[in-house]
Amino acid sequence: MIQTDKRLEFDKIKKKWAELALTEWAKEKIMNTVPCMSENELTAMQRETSEARELLEKNGNPPLVPLNGIREYIQMAVKGDCLSILQLEDMEKALVAVMRLKNYLRRSKQWEVSLAYYEENLDCLDNLKEMLCQQIRNGRIDDYASKDLKSFRDEIERNERSMKEKADAVIRANKESLSDHFSTLRNGHICIPVKKEYKSRIKGNVIDKSSTGGTLFIEPTSVGKYYETLQLLRIYEENEEYRILYCLSAMVADAAEILEQNINMIEKLDFIFSKGKLSLEYQGVEPKINTKRYIQLEDGRHPLMVPSECVPLQFEIGKSFDGVVITGPNTGGKTVAIKTVALNCLMAQCGLHVSCKRAEICMNSNFLCDIGDGQNIAENLSTFSAHIVNLLEILKEANKDSLIIMDELGSGTDPTEGMGIAIATLEELQKSGALFLVTTHYPEVKQYADKKSRIENAKMAFDKESLKPLYQLIIGEAGESCAFYIAGKIGMPEEMLKTAMKAAYGKEEIPGTLKQVVSKSHLQKSKMPRIQKIRTNKAAQRGQEFHLGDSVLVYPDKKIGIVCQTANEKGVLRVQMANKKIWINHKRIKLHVAAEKLYPDDYDFSIIFESVKNRKLRHQIDRGKMIEEQIVMDD
């Protein structure tokens, strides 16, 4: 089913659909949606979608909430755990959402929509909601949650006020001994900042000191006597808060079953209303469902395409024919047409509205597709091999209740053999009794469809003047590829078209309609940039013909010399003459005797070209007696 969803782009529909839901349960249910196989259930699902859309249009969006964590809080309370203030606040918000949703559905009853009567399955739990509202406010337990809590907090406030007043009195009486003229809180104690040298003037406990040690933070004795009382009061306050939280958690636990029912109902309504929201997005309609193997789409559209840019599709299958073979030029919309039919049928069987003006759709046991490039790199299958594997799987699963679509049937191989495979496939599809739509370019397949009683040809309309597809499906007529016409209209010369006609049909005659548009001129070659090759130095190349030790004639005197240094990039060599070495261009010398005829392969030319001194130095370097010395060549 995953591959079918992807090939028909139902996965994209699901993604858009899930974005319209709020609860995680609804999102997960959407992503796991599969076609319904029960006619009664499917009829009910379609009715829910229609009613949800009607309420959305008449009563606006329902006050649904995500309910994140609420189910976990209920389970915690049932186990006897104490819920925190924030968790109980979330519980209160959930109950308020239940109340608002209940009111929304109650108002919707005026339109006599059965979906509105789900209101009776929601329980606001007013007592629990009111208790939570009264006792928890603004992230804390309210002062009036209990008389004891109010009493403890009032007493704490009085003690804190008395402590502050006593501290201020000490500050006023000892201004010259203080670093600052205000009290501060250190480790839970109210302290005054006293200069170190005046420590003895202030009676009390040193609680802290400054980083430099120059200031001591002292809790005056008159203040300290309140501290222990204040700490005890805070313990009483904390215990009373825990008692209240445990009581509220127990109330949540007592209402667990009803709360769970509320959550289930909200999640279900979230799922239903998400279908209505999706229908509004693509302006869908409720299809009529049948089990008589009949499909009719009036002004059908692909739901992912912009309506203003989509040419409506008129389609019918199942009454006088069970199979449709669609032909026509490339980019004519054949693939979009078959995907539009299959996707709308799949959506309808999942309880969604279809993107049509009107539709009647049959229930299908499965949706089988072979669309697009099926190349499987992991299994080392070519595109054609993968198509054959998929085709065989489809034929194995096909039955009288299947809906099958196949794009470019028999393509990807030798045309003659591909045509044979296409016809054999159609034979098997017809034997299965399934409804099927296929696209092809083979004229033999069109001829085959003409001869079969339950298979109908169809074509995608094409405007020959503008060379643009019209994206209109015409059932009952076979389409043309229009390849030669399009090529001629665009500018392919008559000579090339004749060659093409002869290769395709065995004759060079061009039809009259094509003669009117074909060009008689030859192809005009475009000027293209030339490749610039690396320019080689021919002089250097010719100079490389001479090797070390070659005996050469030096012109114009024709004196004999020996090459002692091969040619450089300019084609200049160095030649050992009778009493000197000279630099000379390769053009002024001619090979007399090659070195390979004069010397053995491993001959040491340094004996000829280097002095005795240099040879001794080189010998010493080789033996490691010298690290570095310049070797001077004799001139």
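No hydrogens, no waters, no symmetry mates; every other heavy atom, side chains included, goes into these values.
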### Task
Output, in order, the C-alpha distance, side-chain angles, deciding distance and verdict of side chain to side chain donor-acceptor pair (under 3.5 Å) for T43 and N40.
CA-CA 5 Å; T43 303; N40 285 335; 5.5 Å; no

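- Of the charged side-chain nitrogens involved, at least one lies within less than 4.0 Å of a carboxylate oxygen, so that K12 and E9 count as a salt-bridged pair.
- In this structure, K14 pairs ionically with D5, as a charged nitrogen and a carboxylate oxygen lie closer than 4.0 Å.
- There is no side-chain donor-acceptor pair under 3.5 Å between D401 and N364.
- The pair R53-E57 meets the salt-bridge criterion, since a charged nitrogen lies less than 4.0 angstrom from a carboxylate oxygen.
- Look at D322 and R454 and you find a salt bridge, because one of the NZ, NE, NH1 or NH2 atoms lies within 4.0 Å of a carboxylate O, short of that distance.
- Once rounded to the nearest 0.5 Å, the distance linking CG of L473 with CD of E316 reads 11.5 Å.
- The closest side-chain donor-acceptor pair between N262 and D123, if any, does not fall under 3.5 angstrom.
- Taking 4.5 Å as the limit, some side-chain heavy atom of K277 sits within range of a side-chain heavy atom of N61.
- Between E54 and K58, at least one side-chain nitrogen of the basic residue sits less than 4.0 Å from a carboxylate oxygen of the acidic one, meeting the salt-bridge criterion.
- Residues E19 and K16 are not paired through a salt bridge, judged by the lack of any N-O separation under 4.0 Å between the basic side chain and the carboxylate.
- T49 and K275 are linked by a side-chain donor-acceptor pair at a separation below 3.5 angstrom, with hydrogens and angles left out of the test.
- Aromatic pair F10/W17: centroids not less than 6.0 angstrom apart.
- Using a distance-only test at 3.5 Å, with no hydrogens or angles considered, no donor-acceptor pair links the side chain of D270 to the main chain of A26.
- Ion pairing between E120 and R106 fails under the 4.0 Å rule for side-chain N and carboxylate O.
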